[in-house]
2 protein chains.
Amino acid sequence: MSELIFSLKTELRRGTLTLAVLSQLQTPQYGYSLAQRLEENNVSIDQSTLYPLLRRLEKQELLTSEWDTTENRPRKYYLLSEFGQEVFKQLKEEWHNTSMQLNSML
Amino acid sequence: MSELIFSLKTELRRGTLTLAVLSQLQTPQYGYSLAQRLEENNVSIDQSTLYPLLRRLEKQELLTSEWDTTENRPRKYYLLSEFGQEVFKQLKEEWHNTSMQLNSML
DNA sequence: TACATTACTGTACGTCATACACTATACGAT
DNA sequence: ATCGTATAGTGTATGACGTACAGTAATGTA
């Protein structure tokens, strides 16, 4: 049973993780700090989930990135692109609609 | 862009559709009427999406079904199983948690 | 010195909404 | 009687993404 619950919970996370990540990149963040920020917001996420997602969102041109190599540790900072801002706005709306629909049924 | 938005919206639907369907099967419903009920709740769903989902949920033992062939048209009625009740309860909780997390970030 | 932490890249797999194809019949309009 | 729509269902393949796993590398701490 817990396997099924886990699987269903994973399905719920699809889509919502994208929203959570996009919501935190109005200001530049690097991967590791973003993971911590999400944890602070009770969105538990592993590096093995976050980095591929960041990679994919950049590929989809929702994010831009640039290296900061001035510190001891090189860090890749991500930021919402203009396109990403638009998409984020629409997804927020979709989330809101979905929320209302589902909350009225549960 | 709209392709990307569509794809991201589809990801949001994963998981939420299961919840919506389970929520409407506390009482017996047949496929077609369930689709209409969901439409009434602003959950737009095609038959090509609903029937495979019902099939899958039954396979996962969340639903039981039985044929009513007394009417002119044979209809397959679905109902939440006891196991399905438990799973549904847990998913509701998960949805609530996810909602709160995301709403506090958006 | 050793281990944990910090920070990242690359790839394969399982799951499911969706799309498509299909079957069948009742009902309503003509 | 005919035709198109609505009603009601089955079966299967595809693409996308969270997850898991493997890996690299260097800094910080005990």
Side-chain angles (χ1 to χ4, degrees), chain A residues 3-22 28-39 43-60 62-63 65-78 87 91 94 98, chain B residues 2-22 28-39 43-60 62-63 65-78 91 94 98:
Chain A
E3 266 171 37
L4 178 58
I5 293 289
F6 177 81
S7 171
L8 291 168
K9 285 181 178 181
T10 298
E11 296 310 317
L12 268 181
R13 270 165 70 92
R14 291 173 75 114
T16 58
L17 268 191
T18 298
L19 258 174
V21 165
L22 293 180
Q29 294 288 316
Y30 59 98
Y32 195 82
S33 82
L34 176 56
Q36 292 191 307
R37 246 194 180 200
L38 292 168
E39 295 279 357
V43 177
S44 175
I45 188 165
D46 197 58
Q47 287 187 308
S48 67
T49 300
L50 181 60
Y51 287 109
L53 175 51
L54 287 175
R55 190 64 48 92
R56 187 160 57 245
L57 293 177
E58 185 177 18
K59 191 180 176 189
Q60 290 167 336
L62 304 185
L63 304 181
S65 72
E66 79 186 72
W67 282 97
D68 173 8
T69 47
T70 58
E71 299 290 328
N72 274 357
R73 296 173 183 276
R75 293 166 169 161
K76 201 172 192 183
Y77 280 82
Y78 291 90
V87 170
L91 285 186
E94 181 71 13
T98 299
Chain B
S2 59
E3 266 171 38
L4 179 58
I5 293 289
F6 176 82
S7 171
L8 291 168
K9 285 182 178 180
T10 296
E11 295 311 316
L12 269 180
R13 271 165 68 92
R14 290 172 78 112
T16 58
L17 269 190
T18 298
L19 258 173
V21 166
L22 293 180
Q29 295 287 319
Y30 59 98
Y32 195 81
S33 81
L34 176 55
Q36 291 191 308
R37 246 195 179 199
L38 291 169
E39 295 279 355
V43 177
S44 175
I45 188 166
D46 197 59
Q47 287 187 302
S48 66
T49 302
L50 182 60
Y51 288 109
L53 175 51
L54 288 174
R55 189 65 46 91
R56 189 162 54 249
L57 293 177
E58 185 177 19
K59 190 180 177 189
Q60 290 167 337
L62 303 185
L63 303 181
S65 71
E66 80 187 71
W67 281 99
D68 173 9
T69 49
T70 58
E71 298 290 327
N72 275 354
R73 295 172 182 277
R75 292 167 170 160
K76 201 171 194 183
Y77 279 83
Y78 291 90
L91 286 185
E94 182 70 14
T98 299

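So that the names make sense, note that chain A is the first sequence line, chain B the second, and so on, each numbered from 1.
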Q) Looking at residues at least two apart in the chain, or sitting in another chain, which of them share a side-chain hydrogen bond (donor to acceptor under 3.5 Å, both in side chains) with Ser48(B)? A) Asp46(B)
Q: Please work out if Arg73(A) contacts a base, only the sugar-phosphate, or nothing of the nucleic acid, heavy-atom cut-off 4.0 Å.
A: base
Q. Which is true for Ser7(B) with a 4.0 Å heavy-atom rule: it touches a base, it touches only sugar-phosphate, or it touches nothing?
A. sugar-phosphate
Q | Atom-to-atom span, CG of Leu8(A) to P of dC16(C) - whole angstrom | A | 7 Å
Q) With Arg14(B), which residues qualify under salt bridge (Lys or Arg N to Asp or Glu O under 4.0 Å), at least two apart? A) Glu11(A)
Q) Is there a residue in residues 31-39 of chain B whose heavy atoms reach under 4.0 Å of DNA chain C, and which residues are they? A) none
Q: Identify, between Lys76(B) and Glu11(B), the residue whose nearest nucleotide on DNA chain D lies closer to the 5' end.
A: Lys76(B)
Q | d(CD, Glu66(A); P, dA7(C)) in whole Å | A | 17 Å
Q: For the side chain of Tyr51(A), starting at C-beta, report the closest nucleotide among dC27(C), dT9(C), dC16(C).
A: dT9(C)
Q.
Taking any heavy-atom pair under 4.0 Å as a contact, classify Phe6(B): base, sugar-phosphate, or nothing.
A. sugar-phosphate
**Q.** Between dT15(C) (P) and Leu57(B) (CG): distance, integer Å
**A.** 14 Å
**Q.** Residues forming a salt bridge (Lys or Arg N to Asp or Glu O under 4.0 Å) with Lys76(B), sequence neighbours excluded
**A.** none
Q. Partners of Ser33(A) by side chain to side chain contact (heavy atoms under 4.5 Å, CB included), sequence neighbours excluded?
A. Gln29(A), Tyr30(A)
Q | Rounded interatomic separation in angstrom, taking CG from Leu50(A) and P from dT6(C) | A | 15 Å
Q | Interatomic distance, Gln60(B) CD vs dG14(C) C1' [rounded to whole Å] | A | 13 Å
For nucleotides 10-13 of chain C, print each protein N/O atom paired with a nucleotide N/O atom at under 3.5 Å, atom names and distance only.
| unit_1 | atom_1 | unit_2 | atom_2 | d |
| --- | --- | --- | --- | --- |
| dG10(C) | OP2 | Arg55(A) | NH1 | 2.8 |

Q. Side chain to side chain contact (heavy atoms under 4.5 Å, CB included) with Pro52(A): which residues, sequence neighbours excluded?
A. none
Q) Taking only residues two or more places apart in sequence, or in another chain, which ones meet Ser65(B) in a side-chain hydrogen bond (donor to acceptor under 3.5 Å, both in side chains)? A) Glu58(B)
Q: Tell me, please, the opening and closing nucleotides of DNA chain D, 5' to 3', among those with an atom under 4.0 angstrom from a non-hydrogen atom of chain A.
A: dA16(D) to dG28(D)
Q | Gln47(A) CD to dT9(C) P, straight-line distance once rounded to whole Å | A | 11 Å
Q) Considering residues at least two apart in sequence or located in another chain, which fulfil the side chain to side chain contact (heavy atoms under 4.5 Å, CB included) criterion with Glu3(B)? A) none
Q.
Once side-chain hydrogen bond (donor to acceptor under 3.5 Å, both in side chains) is applied, do any residues pair with Arg73(A), and if so which ones, sequence neighbours excluded?
A. none
Q | Interatomic distance, Leu91(A) atom CG to Leu19(A) atom CG [nearest 0.5 angstrom] | A | 5.0 Å
(Q) If the condition is side chain to side chain contact (heavy atoms under 4.5 Å, CB included), which residues does Thr70(B) pass it with, not counting sequence neighbours? (A) Asp68(B)
Q: Nearest whole angstrom, please: distance from the C1' of dT15(C) to the CZ of Arg13(A).
A: 15 Å
